[in-house]
Amino acid sequence: MKSHRSYPFYFVLAALVLYVTFFIIPSLSGIAYSFTDWSGYSDEVEFVGLDNFRTILSPDENYLSFIGNTLLFTFWTIIIKTVFGLALALLLNQGVRWFVNGYRVLIYLPVILPTLVVALIFRSILDPASGLLNSALRGIGLDALALPWLTDPRIALYSVIGVDSWKGIGYIMVILLAGLQTIPKDLYEAASIDGASAWAKFRFITLPMLMPALMIVTVLNVLYGLRVFDIVYALTNGGPGYATEVLSTEIFKAFSKGQFGLGTAISSILFLILVVTGYLVIRVMERQSDRE
Amino acid sequence: MPKNLRATAAHLAAFVASLIMLLPVYLITINALKSTPEASTMSVDLPTELHFENFLIAIEKGKLLQSFFNSLLYATSATVLATLVSAMAAFVMSRHRTRFNRFLYLFLIMGIALPINFFTLTTMMQVTHLINTKIGIIILYAALQVPFSIFLIYGFVDTIPRELDEAAIIDGCRPRQLFFLVILPLLKPVLVTAGILNFLNIWNDFMMPLYYLNSSSNWPMTLAVYNFFGQYQSSWNLVSADILLTIVPVIIIYLMGQRFIIAGMTSGSVKG
């Protein structure tokens, strides 16, 4: 049977055209434009070599700190989400006997809420004077901990990390829970017969068997963290000062100010970081589907 | 620890975690019904009087009806478009595994990881006359959902036996008939999953309209809420009402489709 006749190439075309037009061409031409002085106020575009990149990497500017904030955000959200996500997944997999699905539905709920809305609600909760968090802390006598969460430059980034982690824990939990459910029960039974402790079972059965899921979770979180925009934009818009500025919020500011050349240069740096990560994603997913 | 005690402790922990996750939704629900002074602290206390008129004010002042229909239009059309073109592409690439199609598949799903270049995309939107238009944002959203949808559907096509294709072809089915009459109905579970995820992603998106829709009559709900928040920051009861109306459709879809959502979230990451 001539299979190519039944599976014509034009079936792929619509998706391919959409993808190439709105993803690939802008990304690739963006790399070219990052070597220019492209601006929103002039039609003339001139080649300026590495000037934009020099500006970004210059210690006199703030851009390096935005890259640092992005990496800090990515690192800490991964750690927090994975630790709590794993703890909750273990809890629902082994500890809890009934209402498991109910708990799962409730804990996953923040994941499906619009990030913007989550940020707005937390702006109220984290309000230094009247917010719920500080009222609660004062109520139990912990006045010293009632901090200006989003307005103190030293802690604002960690507050944003906290809110984002709150929203994302359910996602990690669900993926890890699905991973836990694929681990054969008899492995644990055999270990029990050999007298293995709970910790040994976790360390030598659960953790290695959960590795593929943990890998995926980490990679997805890296991709998310490096591109993060909504939560930062709506919680602090990069402030106070530049304390919470990340790459995507800075890109939006460059866009608003008409600094297109500089903005595309920042985008291209992000692009390169993500292409490398993206390559890893595909490799991991490939390995997953091969094992099937 | 005795077994009962352990189980109780586990339930207690899961219960507390659930409460923490539910708290913000609870907060805006009760504060949406309060008077402005009462809602100013956004406390967990129940309202002393029920102010249902807050919803009417939010709908009127926040132009919520218009933005609701905009969101509905964008999310529905882009979801249908993205899911359909992705299903067609995934079907052919999965069935006809040449080297070229393999490369094409990897090339397409690479989009899951790529960032958008908003500057050059603006130029593209201008060149194609799609900027600041409803149809433009729909096409853009569809394009953005293509990589993940293809990834999701591609894996599922494998579970449909090839013998069906062969039988249909022997019976004289053309490619289009084969796909639309035989394959598409069988893809229903994964299409529902992809459809729900795409719909929620688009409904919740804030970034594309922020960049590409400057006229308020085209704004979806997220942008309308953000703008409303800017104007009525001191009236948390109205902001809460506005927020609640924005997330009610999301929560309804979530509760109805949570099995499909979780299936989609976990597929590809864990097989089980």
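Sequence lines set the chain letters: A, B, ... in the order given, protein chains first and strands last, and positions in each chain run from 1.
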Per-residue contact mode, A/Trp38 against chain B (heavy atom under 4.5 angstrom): side chain
Close aromatic pair by centroid cut-off 6.0 Å: A/Tyr233 and B/Tyr226: yes
Main-chain N/O of A/Ile112 paired with B/Asn204 side-chain donor or acceptor, under 3.5 Å: yes
Residue among A/Ala136, A/Ser256, A/Gly170, A/Ser124 with most heavy-atom pairs under 4.5 Å to chain B: A/Ser124
Which atoms of A/Val20 approach chain B - backbone, side chain, both or neither, heavy atom under 4.5 Å: side chain
pair A/Leu113-B/Tyr254: side-chain heavy atoms closer than 4.5 Å: no
Toward chain B, the part of A/Phe271 with a non-hydrogen atom under 4.5 Å: both
Interchain contact, B/Val250 with chain A, by part (heavy-atom threshold 4.5 Å): both
Separation of B/Met207 CE from A/Thr115 OG1 (nearest 0.5 Å): 11.0 Å
Side chain, backbone, both or neither of B/Ser149 within contact of chain A (heavy atoms, under 4.5 Å): neither
Residue part contacting chain B, namely of A/Tyr108, when any heavy atom lies under 4.5 Å: both
Min side-chain heavy-atom separation B/Ile251-A/Leu109 under 4.5 Å: yes
Within-4.5 Å side-chain heavy-atom neighbours: A/Phe255 and B/Thr122: yes
Minimum side-chain heavy-atom gap A/Pro26-B/Phe118 below 4.5 Å: no
Candidate pair B/Phe119 and A/Phe260, rule ring-ring contact (aromatic ring centres under 6.0 Å, His included), full reasoning: CA-CA 6 Å; B/Phe119 304 90; A/Phe260 292 179; 5.6 Å; yes
Under 4.5 Å from a heavy atom of chain B, the part of A/Leu116 involved: side chain
Close side-chain approach of B/Val85 and A/Phe11, heavy atoms under 4.5 Å: no
Residue among A/Trp98, A/Tyr224, A/Tyr33, A/Phe84 with most heavy-atom pairs under 4.5 Å to chain B: A/Trp98
Chain B contact via A/Thr21 - which portion, at a heavy-atom distance below 4.5 Å: both
Spacing of A/Ser29 atom OG and B/Met124 atom CE [to the nearest 0.5 Å]: 7.0 Å
For chain A, the option from B/Thr246, B/Thr222, B/Asn31 that forms the most heavy-atom pairs under 4.5 Å: B/Thr222
Per-residue contact mode, B/Arg174 against chain A (heavy atom under 4.5 angstrom): neither
Which atoms of A/Ala254 approach chain B - backbone, side chain, both or neither, heavy atom under 4.5 Å: both
Any A/Leu13 side-chain heavy atom under 4.5 Å of B/Met88 side chain: no
Residue part contacting chain B, namely of A/Leu226, when any heavy atom lies under 4.5 Å: neither
Side-chain heavy atoms of B/Phe229 within contact of A/Arg123, under 4.5 Å: yes
Proximity breakdown for A/Asn101 and chain B, heavy-atom pairs closer than 4.5 Å: side chain
Best-contacting candidate, A/Val117, A/Val118, A/Leu91, A/Leu270, against chain B by heavy atom pairs under 4.5 angstrom: A/Leu91
From CZ (A/Phe23) to CE (B/Met110), nearest 0.5 Å: 9.5 Å
B/Met221, part contacting chain A, at a heavy-atom distance under 4.5 Å: neither
Residue B/Leu84 versus chain A: region with a heavy atom under 4.5 Å: neither
Side chain, backbone, both or neither of B/Ile28 within contact of chain A (heavy atoms, under 4.5 Å): side chain
Pick from B/Ile150, B/Leu210, B/Leu27 with the largest number of heavy-atom pairs that fall under 4.5 Å of chain A: B/Leu210
Side chain to side chain, A/Tyr19 and B/Leu114, heavy atoms closer than 4.5 Å: yes
Engaged part of B/Ile20 at the chain A interface, taking heavy atoms whose separation is under 4.5 Å: both
Residue B/Thr123 versus chain A: region with a heavy atom under 4.5 Å: side chain
Among B/Val25, B/Ile139, B/Leu121, B/Asp242, residue most engaged with chain A (heavy-atom pairs, under 4.5 Å): B/Leu121
Contacting region of B/Leu130 [heavy-atom separation from chain A under 4.5 Å]: side chain
Portion of B/Phe15 that has a non-hydrogen atom of chain A nearer than 4.5 angstrom: both
Residue part contacting chain B, namely of A/Ser135, when any heavy atom lies under 4.5 Å: neither
From A/Trp166 atom CH2 to B/Met21 atom CE, the distance as rounded to the nearest 0.5 Å: 7.0 Å
Segment of A/Phe252 engaging chain B (4.5 angstrom heavy-atom cut-off): both
Interchain contact, A/Ile25 with chain B, by part (heavy-atom threshold 4.5 Å): side chain
Interchain contact, A/Leu177 with chain B, by part (heavy-atom threshold 4.5 Å): neither
Contact winner vs chain B - A/Val174, A/Val17, A/Thr264, heavy-atom pairs under 4.5 Å: A/Thr264
Candidate pair A/Tyr7 and B/Asp165, rule side-chain hydrogen bond (donor to acceptor under 3.5 Å, both in side chains), full reasoning: CA-CA 10 Å; A/Tyr7 308 117; B/Asp165 300 25; 2.5 Å; yes
Contact origin within B/Val239 toward chain A - heavy atom pairs under 4.5 Å: neither
Which atoms of B/Arg259 approach chain A - backbone, side chain, both or neither, heavy atom under 4.5 Å: side chain
Contact winner vs chain A - B/Phe100, B/Phe91, B/Tyr211, heavy-atom pairs under 4.5 Å: B/Tyr211
Which atoms of A/Ile107 approach chain B - backbone, side chain, both or neither, heavy atom under 4.5 Å: both
Under 4.5 Å from any heavy atom of chain A - which part of B/Leu144: both
Interchain contact, B/Leu108 with chain A, by part (heavy-atom threshold 4.5 Å): both
